[in-house]
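Reminder, nothing fancy here: chain letters follow the sequence lines and each chain counts from 1. Heavy atoms only: backbone and side chains are in, while hydrogens, waters and symmetry mates are out. Values in this document were obtained by computation on a predicted structure and should not be read as measured data.
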Amino acid sequence: MEMEPTDTDRYDPEAIEAKWQAVWAAEGSFTVPNPEPGAASEGRSTYVLEMLPYPSGELHMGHVFNYTLGDVFTHVRRRQGYTVLRPMGYDAFGLNSENAAIKEGGHPRDITNRNIEAIRRQMKRMGWAIDWSREVSTAEPEYYRWTQWLFLRFYERGLSYRREAPVKWCPKDQTVLANEQVIDGRCERCGTEVESKSLTQWFFKITEYADQLLDEMEALESWPERVLTMQRNWIGRSEGARVIFTVDGSGEELPVFTTRPDTLFGATFFALAPEHPLISQLTAGTEHEQAVADYVRHTAARSTVERETKEKDGVFTGRYAVNPVNGEAIPIWVADYVLMEYGTGAIMAVPAHDERDHQFAERYGLEIRQVVAPAGGSASADAGAFVAHTDDEVLVNSGEFTGLTAPEGKRAITAWLDERSVGEATIGYRLRDWLLSRQRYWGCPIPVVHCDACGVVPVPDDQLPVLLPEIDDYLPKGRSPLASAEEWVAVACPSCGGEGRRETDTMDTFVDSSWYFLRYADARNDDAAWDQQIVDFWLPVKQYIGGIEHAVLHLMYARFFTKALNDMELLGFREPFSRLFTQGMIYRHGAKMSKSKGNVVSPDEAVERYGADALRLYILYMGPAEQDKEWSDAGIEGTARLVDRVWRLTLEVAARGEVDAPADGELVRAAHRTIDRVSDDILRRFQFHTPIAALFELVNEIYRVKDDPSRAGEVRVATETVLSLIQPYAPHVAEELWERLGGGRLWETAWPVADPALVASDVVEIAVQVNGKLRDRLQVPAGMAEDELIALALGSERVQAHLGEGSPRRTIVVPDRLVNVVA
RNA sequence: GCCGGGGUGGCGGAACUGGUCAGACGCGGCCGGCUUAAAACCGGCUGUCCUUCGGGACAUCUGGGUUCGACUCCCAGCCCCGGCACCA
């Protein structure tokens, strides 16, 4: 008679997950102590880090993916005997959280704290092995005190400064944005078209590190090529020359930047950006003054997007610039395709060799003079700008430089200019300084005081933190809401004691997240941002995991911070993240999961339905971690089935107790091969989906023979292997079943190592090919000699059938793998 | 335009340094078992075409090439994705 299954026999994820989560919490299982002073960071300690979440809502599947990936890696490393620092925190300040608060109606602090609680609960429900003793929130004074302290260190070194500059303004968010936060002329967060304004703002001098950010990429292991490319593109280094033209008549200098000094003899006009400060002076009192002023005004009224898309236009100033290389005076125009932000805001225009200059010259009938020609060719009739450049092109119509190749010409002309102090080799960058101030409430206050007598005065370290004042009306209104906290703003000048006013702008959230990975190492330090010995022990982060969307923003800012702090001798390393892994995004029904599209599957929903373990397995099984993936509701049922199969299998094995059957055989060999595959995939290849396929295979194999009593010993060994290998992916069910099998704490056991003798097989299958086509397969003992293999292969009937008459011309043997007979 | 990454069944993908019918594993589909029945579960089949059922031919975006042997290497092209872009 079949017995009714009892409750403890049925797989109940909710109950066992709650049980083990409680055990881990009670025992502080994943808490990692700081090292003893003087401990070397070499050897068996490591730092695994995933990008911290914004608490602007609940966790979504992208987070589940990110943190499960890190969790699997962490478990394996810990079981290999490594001490793994694996902390968690919340990027709690900033537009994300503040906008969430505005939407929900409430104070940002309350909404943020509520979201943090929800996220923490979700994280615990997923069973991630996090060291909760190091949890930080960037919006707490214990944290942002040190953000302010760091700002002051940058300020002391001239790496943060204030200046008036044209800046990008988001009219919806009512705040300025960093260049990195403007995508296609729109606000990165809300998609609103940004405007241009001239404002006095705070900047970090990241441009000073442009070359180091490029050159020190060499030190980065296994950063994805696309991330490095994006950073290179963003920094936009280009080598060229600074050439000093002069205003005809006044002699005033008009420097330009060009990457093509070899085309200097082809400059037929000169152009200034409409914002160029010299324009009014050049035209003052001339007949052109009115027309030029009108043009400048018109251009200013155009949006950035309009200016970029319409046909280039401009206006003549009536003045001329003198070309230093030949003394020629060329007309100075004002043209809207010249950008004030790049180079010097002025260009020498070479219509024959630049597409844009060519268009402009055509439109206004300006001279086009070819000075570079293809090798062996000569100056051709005008047929558009000749911009192709290969190294064998030669200079023509270029005075004493005629006949040189283009690269030679570049060097020679630059050297000629340099000798006469009218130019020099120089490098241009696309990268601009990082605009860090924001006219919003929910951020870290900038710790300076403005004093009429003393100017900008830093708040002394011992007066930190400058607490963010509690105000009711925090809504953005164009100037910082902090300005309305009058009692807070009014403060004695730390320098002279006179009347001072606090800075009312707050910092960009990316400042908070540019150093959080340092704080984790020494999260509870009340005396310093960190103890350098401790930070140097854990860091750099050995494995960083996060979304591709931070390829330029966060990842470049954090690199900049680390380099600057290293230069201040606060850190012993120059790159924060040795290895980086960027995960793909999760889609459903072909679109990114989002509330507005109604295609969201919440982690809570999936956990309730299938359990955290099935979700953890599925999220990693979907496909290669670095690619975008499509969520499938049916797909998760596959891994839920796997968990259930393992559950039923183990209970059967446990019910049998000890068995007499031998604990070796083909199934044990299969188990050892699986150990090899799983370890190699995770540790060497950083691949997380194929190990699950390997586990599916092993479980399938066990199921095929599990009812054969003579194999009960093998079945037990293989089942234990499955539990051990699945533990990083499905820690709750693995732990529960391990306990039921009579084991101790599975998460504390050593990660299994395959026995090489069991991985290798004594019988191998040899492929026999004729002319590269497979015709037969032979089972032979491993290590068979080549001539024996050839003899066997030639003896095969199938081979003979395809060989026909005559003897083979050649045979190729790959030991233990194949024989190829060439007829 | 410049830079980077890709293109494999109905779908997600596997094949790691060129070497066993390319397509593991999962999803979906088909068939069978169990069941009064259904679900669940268990087992089998599932690239295309031909077949005398032994097998054979074709097949990893397209076209060439290297090689005994190519998803993998080389050349040319097409397509998709990402970054940068009036950047001088």
Nucleotide nearest [X] when distance is taken to its side chain, options [options]:
X: A:N233; options: B:rG83, B:rG19, B:rG13; result: B:rG83
X: A:R777; options: B:rC25, B:rG28, B:rU20; result: B:rU20
X: A:R685; options: B:rA15, B:rG19, B:rA88; result: B:rA15
X: A:Q769; options: B:rG19, B:rC84, B:rG44; result: B:rG19
X: A:Y621; options: B:rG26, B:rC87, B:rU20; result: B:rG26
X: A:R775; options: B:rG56, B:rC42, B:rC68; result: B:rG56
X: A:Q687; options: B:rA15, B:rA88, B:rC16; result: B:rA15
X: A:I347; options: B:rA88, B:rU20, B:rG4; result: B:rA88
X: A:E225; options: B:rC25, B:rG5, B:rC27; result: B:rG5
X: A:R226; options: B:rC25, B:rG4, B:rG43; result: B:rG4

Which one is paired to B:rG4, where only Watson-Crick or G-U wobble pairs with both distances under 3.5 angstrom count?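 Across any shown strand, B:rG4 pairs with B:rC81.
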Need the pair for B:rC73. Rule: Watson-Crick or G-U wobble, both distances under 3.5 Å, any strand; none if unpaired. B:rG65
Short side-chain N/O contact from [X] to OP1 or OP2 of [N], under 4.0 Å:
X: A:K629; N: B:rC27; answer: no
X: A:Q231; N: B:rG83; answer: no
X: A:R648; N: B:rC42; answer: yes

Testing A:L725, A:I692, A:L683 one by one against A:V678 for a side-chain contact (heavy atoms from CB on, under 4.5 Å), which residue passes?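 The residue from A:L725, A:I692, A:L683 that satisfies side-chain contact (heavy atoms from CB on, under 4.5 Å) with A:V678 turns out to be A:L725.
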Could you tell me if the ring centre of A:Y618 sits under 6.0 Å from that of A:Y610?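 Distance test on ring centres: not under 6.0 Å, no.
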Could you give the distance separating [M] and [N] at their [atom1] atoms, to the nearest angstrom?
N: B:rC21; M: B:rG55; atom1: C1'; result: 12 Å
N: B:rG5; M: B:rC11; atom1: P; result: 26 Å
N: B:rU48; M: B:rA15; atom1: P; result: 23 Å
N: B:rC61; M: B:rC80; atom1: P; result: 16 Å
N: B:rC74; M: B:rG6; atom1: P; result: 13 Å

Whole Å only: how far is the [atom1] atom of [X] from the [atom2] atom of [N]?
X: A:R237; N: B:rC3; atom1: CZ; atom2: C1'; value: 16 Å
X: A:D628; N: B:rC80; atom1: CG; atom2: P; value: 17 Å
X: A:F360; N: B:rA88; atom1: CZ; atom2: C1'; value: 14 Å
X: A:E637; N: B:rA39; atom1: CD; atom2: P; value: 14 Å
X: A:R10; N: B:rA39; atom1: CZ; atom2: P; value: 21 Å

In terms of relative ring orientation, are A:F360 and A:F269 parallel, tilted or perpendicular, with 30° and 60° separating the classes?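 Plane angle under 30°, so parallel.
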Give the ring-plane orientation class for A:W434 versus A:Y557, where under 30° counts as parallel, over 60° as perpendicular and anything between as tilted.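 Plane angle under 30°, so parallel.
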With no angle test and no hydrogens, is the base of B:rC68 tied to the side chain of A:N820 by a donor-acceptor pair under 3.5 Å? yes
Heavy atoms under 4.0 Å, any strand shown: does A:E341 hit a base, just sugar-phosphate, or nothing? nothing
Syn-anti status, with the boundary at 90° from 0, for the nucleotide B:rG33: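 Base orientation: anti.
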With syn defined as a glycosidic angle within 90 degrees of 0 and anti as anything else, the base of B:rG63 is anti
Want to settle it: does A:N771 or A:I692 sit nearer the 5' end of RNA chain B, counting the closest nucleotide to each?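 First, find each residue's nearest nucleotide; the 5'-ward one identifies A:I692.
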Within the 4.5 Å heavy-atom criterion, are A:H353 and A:D262 side-chain neighbours or not? no
To the nearest 0.5 Å, what is the distance between CG (A:L555) and CZ (A:F510)? 10.0 Å
